[in-house]
Amino acid sequence: MADKKKIDFDFAAHEAPLFKAWNEGGYFQRTPGFGKHQNDCYTVVIPPPNITGMLHMGHALDDTIQDACIRRARMQGYQTRWVLGTDHAGIATQTKVDKKLAEEGISRLEIGREKFIEACYDWRAHYGTTIVEQIKGMGCSCDYSDEHFTLDPDYIDAVRRLFVEWYHDDLIYRGKRIVNWCPHCTTAIADDEAEYVDEPGHLWHLRYPLVEPIDGLDYIIVATTRPETMLGDTGVAVSPKDPDKQKFVGAKVKLPIVDREIPIFSDYYVDADFGSGFVKVTPAHDPNDWAMGERHDLPKINIFDETAHVVEGYGEFSGMSRDEAREAVVAWFEEHGLLDHVEDHDHSVMTCYRCHTKLEPWLSEQWFVSVDRLKGPAAKAVESGEITFHPARWSQVYLDWLENLKDWCISRQLWWGHRIPMFYCDECGWEDASVEDIHTCPKCGASVRQDEDVLDTWFSSQLWPFATMGWTREGTQASELQKAYPTQVLATARDIMGLWVARMVMASEYCMGTIPFENVIIYPTVMGSDGKPMSKSRGNGVDPLKLMEDYGADGMRFGLLMQVTGAQDLKFNESKLENSRNFSNKIRNAARFVMMNLEGFEPGEPEVSTPADRWIFSRLARLVARVDESFDAYEFSDVTRELYAFFWNEFCDWYIEFSKSRLSGSDAADRLACQRNLVFVLDTALRLLHPIMPFITEEIFQDLPVEGEDPYLIACAWPEAESLAKYRDEQAERAMIMVCDVVSAVRATRSRYGISPKQALSVTVKVEAASDAALLSEQEQLICGMGNIESLQVGCDAEKPAESSVTLGTGLEVYTVLSGHVDFEAERARLEKQRASLQKDIEKFGRKLSNPGFLAKAAPEVIEKDRAKHADLSDQLKRVESQIAELN
RNA sequence: GGGCGAUUGGCGCAGCGGGAGCGCAAAUGCCUUACAAGCAUUAGGUCGCAGGUUCGAAUCCUGCAUCGCCCACCA
């Protein structure tokens with residue numbers, strides 16, 4: 001099946017030159033604007049892809065959405081600019097570079113910090129720009145002349161400035177806390193960077209001997225999922241609500257192996273019904289235990305080193321890994337008769353979101369952002385409606401996240417990143433944060449050292465919208481910030497709602513005193529075709545680069561947007577891309593048709609004269625209004641559906657067909673009118689399609705003999721719904737429905753009887769109103785051409801010709817003469833079927849209309865509509881029945 | 001544990017209070033001078049289940065089931 005679909009078209013060969021032309025024409029830099037929005041800026045900052053990243057489906061969708069928004073805004077006359085850049089991605093990059101060096105037999109520790117950072121920059125120079133090239137391939141109209149990077153000198157200044165401001169404003173502090181430690185990356189990571197994975201495990205019930213027996217008991221039993229941490233236990237807790245356990249409170253147990261005497265105490269954290277009711281407390285290796293330790297003033301004993309191996313001082317256990325220690329501890333308890341029993345117990349374990357190593361809650365000194373004062377303004381920005389989420393329900397998720405926010409651990413024990421701008425004097429104890437490097441102590445003159453750690457990558461990401469627009473600069477770039485800030489749209493994935501979106505709002509409110517963006521588009525997560533998240537191990541991933549090869553950038557963009565509905569997931573459907581690739585082919589061919597028929601063409605205003613003209617212009621006017629509405633609401637699947645349906649099913653299927661006879665006719669004036677109309681509709685459609693399918697629309701536009709406002713479509717004007725509103729024409733729309741009904745009826749009859757389209761037929765149409773008869777007669781030529789009809793009779797009292805097949809429509813009957821070929825049995829069967837269906841519907845409406853409740857309470861116009869419908873159905877039934885009677 | 005989303009013809013989805021739609025797939029016939037990546041025609045659904053609100057429910061409410069996501073996390 002796939003082979004059948006394979007087609008041979010070199011999309012890149014068509015796309016690349018257009019991209020080059022736009023780029024060289026300066027269209028990607030801030031455009032001057034025109035028209036009523038001339039003085040308004042429309043700015044978008046790209047969610048900076050990681051320099052380790054290859055373009056994946058998430059980017060493809062994200063960038064398509066942004067480009068569609070920015071391209072439409074550009075055509076609407078806004079001063080547009082899409083700010084581009086990449087993220088240094090601390091852990092991700094360091095891991096990659098580590099791996100690469102390891103392959104060359106080099107260790108990071110050997111070469112030292114400076115050399116390692118050099119290696120990171122090297123790596124970036126080689127691989128870190130790939131993704132920008134891929135974004136170009138998609139046709140994205142970013143400002144490539146001003147690309148940013150989160151480790152640019154400017155950006156570093158911005159990060160340091162924020163750190164210093166927050167530090168001096170008591171929003172940043174240092175503390176010894178339990179943090180999530182990745183023993184593989186040997187760094188702390190933030191709570192929300194940890195991923196939970198459910199795992200089958202065990203609950204070990206261990207006996208801890210009491211120092212003094214109580215009521216004849218000489219031990220208690222603690223239950224734990226992590227027996228190895230017992231080496232660091234400094235207490236045992238029971239629930240205050242557990243009456244049986246109160247007698248133990250105040251007693252002491254002698255911790256096995258380490259022979260430490262530790263107290264039993266009571267704490268509300270303990271759930272009496274879980275496990276044994278006794279909780280071993282390891283303040284240095286569990287956040288909850290840490291909290292209990294604080295409450296009860298317990299010592300905090302760290303038993304692991306930074307790679308999660310047991311530290312010195314624990315005899316045979318020292319040097320063991322976590323897993324080895326677990327086995328050894330359990331074995332020791334078993335050997336000494338202290339392992340009471342083991343039960344199965346599933347639990348979730350925290351893993352590193354980068355390397356998926358199990359995280360260790362680990363006690364260390366870290367830097368924190370105090371969030372209490374920051375989160376209020378960020379919440380208010382959304383509550384007040386200054387920032388709008390699309391779909392709207394995400395605002396609640398955002399607010400919930402803020403409400404539950406705890407202080408943010410921002411220090412990372414990495415080398416690649418923004419080094420914390422804290423300076424310490426070991427001589428006199430002076431310390432301070434500083435934007436500029438400090439070498440000598442301002443107090444005692446001794447040399448100072450800078451903090452070794454770097455900042456969480458999200459700490460720098462939160463400045464992205466304003467740091468890329470000249471926050472630390474003076475003059476022109478600062479005025480750019482004045483002019484174009486806040487930005488209009490942020491399009492991003494839902495999983496970084498808190499990590500990134502909320503933090504940008506907090507930082508922007510603090511630094512800029514305003515919101516960073518007006519609209520947040522949360523697009524659905526692209527799942528594999530099996531409905532599961534795309535992953536290498538599942539093998540359900542899809543590569544956008546391959547998709548662009550197969551369907552073109554336009555095909556991928558349109559096909560992706562077709563799938564963007566309000567749902568939170570998107571089950572990727574490649575057939576949609578095939579669909580949209582076929583659509584772009586349709587566009588290409590329709591344009592070819594128009595251009596092949598432009599002999600004698602002179603540009604000019606459209607001449608909307610025939611009912612077909614009035615109809616297509618009316619439909620076009622409607623389309624522009626609907627596309628605007630959908631675009632403004634960021635309902636992308638609606639935008640694509642509307643464009644697709646208009647272009648294919650109305651413009652191509654009917655209007656182009658209608659126009660063929662006029663184009664080949666002898667009336668030169670009429671031909672010119674038709675040409676102008678075709679060109680106008682095509683031109684308008686291309687403009688509407690351009691934000692989503694930039695390449696093919698531009699390519700065609702270049703060949704189209706129209707004078708745009710700009711040589712390139714990218715900067716031409718977006719169609720205005722108001723100026724097209726004059727073409728709205730209900731009557732013409734109704735007329736064309738009748739015309740299409742007649743043509744379809746004849747075609748259906750042909751198909752039913754296997755009559756070749758080449759054989760001309762005689763047709764009689766019976767209508768109800770004289771005005772309808774006149775309308776249809778007026779379109780005789782059109783109808784005859786479309787249905788290959790040699791003679792057409794239309795009338796209110798037309799007689800059914802002998803030997804004809806009948807098709808019933810709303811308000812009309814179409815008789816197609818078959819001269820001897822009518823299969824009466826088949827006709828009867830078909831009509832009987834129609835009768836049954838009509839009777840069913842009539843019954844339904846009859847019931848409704850005889851319902852007193854309905855008549856009393858329903859809206860009058862609804863009742864009226866249903867009455868008309870009922871009458872129409874009854875009429876149709878009567879006609880079907882009389883046709884059946886005739887057959888007998 | 002809390003929250004959110006999905007459940008509509010074989011598949012993927014739209015519709016979100018007034019007679020069930022689209023695309024793909026299927027069937028039949030067409031190489032009709034824009035397009036076979038196409039054209040024409042046809043068939044296919046008691047809108048997850050059970051209650052409720054309403055004159056009227058795919059659409060609103062409640063409960064249940066299945067699938068999925070996010071957040072929190074009990075040793």
Side-chain angles (χ1 to χ4, degrees), chain A residues 1 4-7 9 191-192 196 203-204 222-226 229 237 269-271 273-282 286-289 345 347-348 350 391 393-394 396-397 400-401 404 494-495 497-498 524-525 527 529 531-533 551 555 562-563 565-576 578-597 637-638 641 644-645 649 652-653 656-657 660 743-744 747-752 754-758 788 841 844-845 848 851-859 861-863 865-866 869-870 873:
Chain A
M1 199 201 319
K4 194 181 92 188
K5 303 292 177 195
K6 268 280 164 283
I7 50 140
F9 188 89
D191 290 344
D192 27 34
Y196 286 85
L203 199 54
W204 282 272
V222 299
T224 180
T225 54
R226 299 203 54 196
T229 63
Y269 166 76
V270 180
D271 174 359
D273 299 324
F274 186 87
S276 63
F278 288 100
V279 180
K280 61 188 268 319
V281 181
T282 323
D286 181 284
N288 293 308
D289 290 9
H345 178 70
H347 60 140
S348 58
M350 280 195 292
R393 72 186 126 82
W394 290 109
Q396 199 51 53
V397 178
D400 289 348
W401 187 86
N404 298 321
R494 58 187 150 85
D495 52 327
M497 170 81 78
T525 305
M527 300 291 180
S529 53
K532 303 241 159 68
Y551 305 103
M562 282 174 101
Q563 302 178 62
T565 65
Q568 60 186 12
D569 296 329
L570 178 167
K571 204 185 283 190
F572 180 68
N573 186 356
E574 193 162 337
S575 82
K576 288 283 181 207
E578 202 173 285
N579 212 192
S580 59
R581 179 253 275 142
N582 294 351
F583 181 47
S584 52
N585 186 241
K586 191 77 181 172
I587 298 168
R588 199 178 289 283
N589 280 296
R592 177 143 56 120
F593 170 82
V594 171
M595 271 163 329
M596 277 171 62
N597 285 288
S637 74
D638 289 349
R641 201 177 34 250
Y644 184 98
N649 304 124
C652 291
D653 288 352
I656 285 187
E657 295 303 325
K660 283 181 178 170
V743 172
S744 294
R747 284 173 176 168
T749 306
R750 253 183 220 291
S751 179
R752 221 181 295 128
I755 298 166
S756 159
K758 283 175 184 154
N788 192 14
D841 285 349
K844 198 152 114 195
F845 278 90
K848 203 168 169 184
N851 180 345
F854 175 70
L855 296 172
K857 296 185 179 178
E861 60 270 24
V862 171
I863 297 172
K865 207 182 121 213
D866 284 356
K869 199 71 221 176
H870 183 74
L873 290 168

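Per chain, numbering begins at 1; letters A, B, ... match sequence-line order.
- Take A:Asp400 and apply the side chain to side chain contact (heavy atoms under 4.5 Å, CB included) test, not counting sequence neighbours, and it matches A:Gln396.
- Not a single side chain to side chain contact (heavy atoms under 4.5 Å, CB included) links A:Ser529 to another residue, sequence neighbours left out.
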Write down the protein N/O and nucleotide N/O pairs, taken from nucleotides 41-47 of chain B, whose separation is under 3.5 Å; answer none if there are no such pairs.
from, atom 1, to, atom 2, distance (Å)
B:rU41, O2', A:Ser751, OG, 3.0

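- Rounded to a whole Å, the CH2 atom of A:Trp401 is 10 Å from the P atom of B:rA72.
- Residue contacts for A:Val270: at a heavy-atom cut-off of 4.0 Å it reaches a base atom on one of the strands shown.
- Using a 4.0 Å heavy-atom distance criterion, A:Asp271 is classed as a base contact.
- Taking atom C1' in both B:rU53 and B:rG63, the straight-line distance is 15 Å, to the nearest Å.
- Between the P atoms of B:rG45 and B:rG10, the separation comes to 8 Å (whole Å).
- Which of B:rG68, B:rG12, B:rG18 sits closest to the side chain of A:Phe854 comes down to B:rG18.
- Nucleotides B:rG15 and B:rG52 are separated by 24 Å at their C1' atoms, to the nearest Å.
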Distances under 3.5 Å between nitrogen or oxygen atoms of protein and nucleotides 30-34 of chain B:
from, atom 1, to, atom 2, distance (Å)
B:rA34, OP1, A:Lys660, NZ, 3.3
B:rA34, O2', A:Asn589, OD1, 2.8
B:rA34, N6, A:Cys652, O, 3.3
B:rA34, N6, A:Glu657, OE2, 3.2
B:rA34, N3, A:Asn589, O, 3.3
B:rA34, N3, A:Ala590, N, 3.3

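- In terms of the salt bridge (Lys or Arg N to Asp or Glu O under 4.0 Å) criterion, A:Lys586 has no residue partners (sequence neighbours excluded).
- If you take CD of A:Gln568 and P of B:rC67, they are 16 Å apart, rounded to a whole angstrom.
- Within 4.0 Å (heavy atoms only), A:Leu203 reaches no atom of the nucleic acid at all.
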Heteroatom pairs (N/O) under 3.5 angstrom, protein to nucleotides 14-17 of chain B:
from, atom 1, to, atom 2, distance (Å)
B:rA14, OP1, A:Thr565, OG1, 2.5
B:rA14, O2', A:Arg641, NH1, 3.3
B:rA14, O2', A:Arg641, NH2, 3.0

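- Atom C1' of nucleotide B:rA75 and atom CG of A:Asn288 are separated by 9 Å, given to the nearest angstrom.
- Distance check on atom C1': B:rG17 versus B:rU54 gives 9 Å, rounded to whole Å.
- A:Asp569 and A:Pro524 get closest at one heavy-atom pair: C-CB, 3.8 Å.
- In terms of the salt bridge (Lys or Arg N to Asp or Glu O under 4.0 Å) criterion, A:Asp841 has no residue partners (sequence neighbours excluded).
- Considering all non-hydrogen atoms of both residues, A:Gln563 and A:Asn573 come closest at OE1-N, 3.0 Å.
- When every heavy atom of A:Lys280 is checked against every heavy atom of A:Thr229, the shortest pair comes out as NZ-OG1, 2.7 Å.
- Rounding to whole angstrom units, CG of residue A:Asp495 and P of B:rG5 are separated by 18 Å.
- Atom-to-atom, CZ of A:Arg494 to C1' of B:rC70 comes out at 7 Å; the value is rounded to the nearest Å.
- Comparing the same atom, C1', in B:rC13 and in B:rG51 gives a spacing of 29 Å after rounding to whole Å.
- Contacts of A:Asp841 with the nucleic acid, taken as non-hydrogen atoms under 4.0 Å apart, include base atoms.
- Between the C1' atoms of B:rA6 and B:rU59, the separation comes to 16 Å (whole Å).
- Nearer the 5' end of RNA chain B, as judged by each residue's closest nucleotide, is the contact made by A:Lys571, out of A:Thr224 and A:Lys571.
- Atom name P, nucleotides B:rG1 and B:rA75: the rounded distance is 14 Å, in whole Å.
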> Which dot-bracket string fits RNA chain B when only Watson-Crick or G-U wobble pairs with both atom distances under 3.5 Å count, crossing pairs get [ ], and | stands for a partner on a different strand?
Replying inline: ((((((((.[[[[.)..(..]]]].(((((.......))))).....[[[[[..)....]]]]])))))))....
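- Looking at A:Val397 and A:Arg494, their side chains never come closer than 4.5 Å, going by heavy atoms from C-beta outward.
- In this view, A:Glu657 and A:Lys660 satisfy the salt bridge (Lys or Arg N to Asp or Glu O under 4.0 Å) rule, not counting sequence neighbours.
- Here B:rG68 is the nucleotide among B:rG18, B:rC35, B:rG68 with the atom lying nearest to any side-chain atom of A:Met527.
- Between the P atom of B:rG56 and the NZ atom of A:Lys865 lies a distance of 18 Å, rounded to the nearest Å.
- Which of B:rC69, B:rA75, B:rG23 sits closest to the side chain of A:Lys576 comes down to B:rG23.
- Of all heavy-atom pairs spanning A:Asn788 and A:Arg750, the tightest one is O-NH2, 3.0 Å.
- Taking all atoms of both residues into account, the shortest heavy-atom contact from A:Asp289 to A:Thr282 is OD2-N, 2.7 Å.
- Considering only the side chain of A:Lys280, B:rA75 comes nearest among B:rA75, B:rG18, B:rG23.
- The side chain to side chain contact (heavy atoms under 4.5 Å, CB included) test applied to A:Asn851 returns A:Phe854, not counting sequence neighbours.
- Checking A:Ser584 against A:Ile755, the closest nucleotide of RNA chain B that is more toward the 5' end is the one next to A:Ile755.
- Residues passing the salt bridge (Lys or Arg N to Asp or Glu O under 4.0 Å) test with A:Arg226 are A:Glu228, A:Glu360, sequence neighbours excluded.
- Scanning for side chain to side chain contact (heavy atoms under 4.5 Å, CB included) contacts around A:Pro391 gives A:Arg393, A:Trp394, with sequence neighbours left out.
- At distances below 3.5 Å, at least one donor-acceptor pair connects side-chain atoms of A:Asn597 with backbone N or O atoms of A:Phe593.
- Here the separation of B:rG18 from B:rC74, taken at their P atoms, is 48 Å to the nearest Å.
- Atom NZ of A:Lys532 is separated from atom P of B:rC69 by 8 Å (rounded to the nearest Å).
- Checking A:Asn589 against A:Arg592 by side-chain atom types alone, a donor-acceptor pair falls below 3.5 Å.
- When heavy atoms are screened at a 4.0 angstrom cut-off, A:Phe845 is found touching base atoms of the nucleic acid.
- Checking the phosphate oxygens (OP1, OP2) of B:rG38, a side-chain nitrogen or oxygen of A:Asn582 falls inside 4.0 Å.
- A donor-acceptor pair under 3.5 Å is absent between the side-chain atoms of A:Ser751 and the main chain of A:Arg747, judged by distance alone.
- Contacts of A:Pro524 with the nucleic acid, taken as non-hydrogen atoms under 4.0 Å apart, are absent.
- Distance, A:Asn573 CG to B:rC24 C1': 8 Å, rounded to whole Å.
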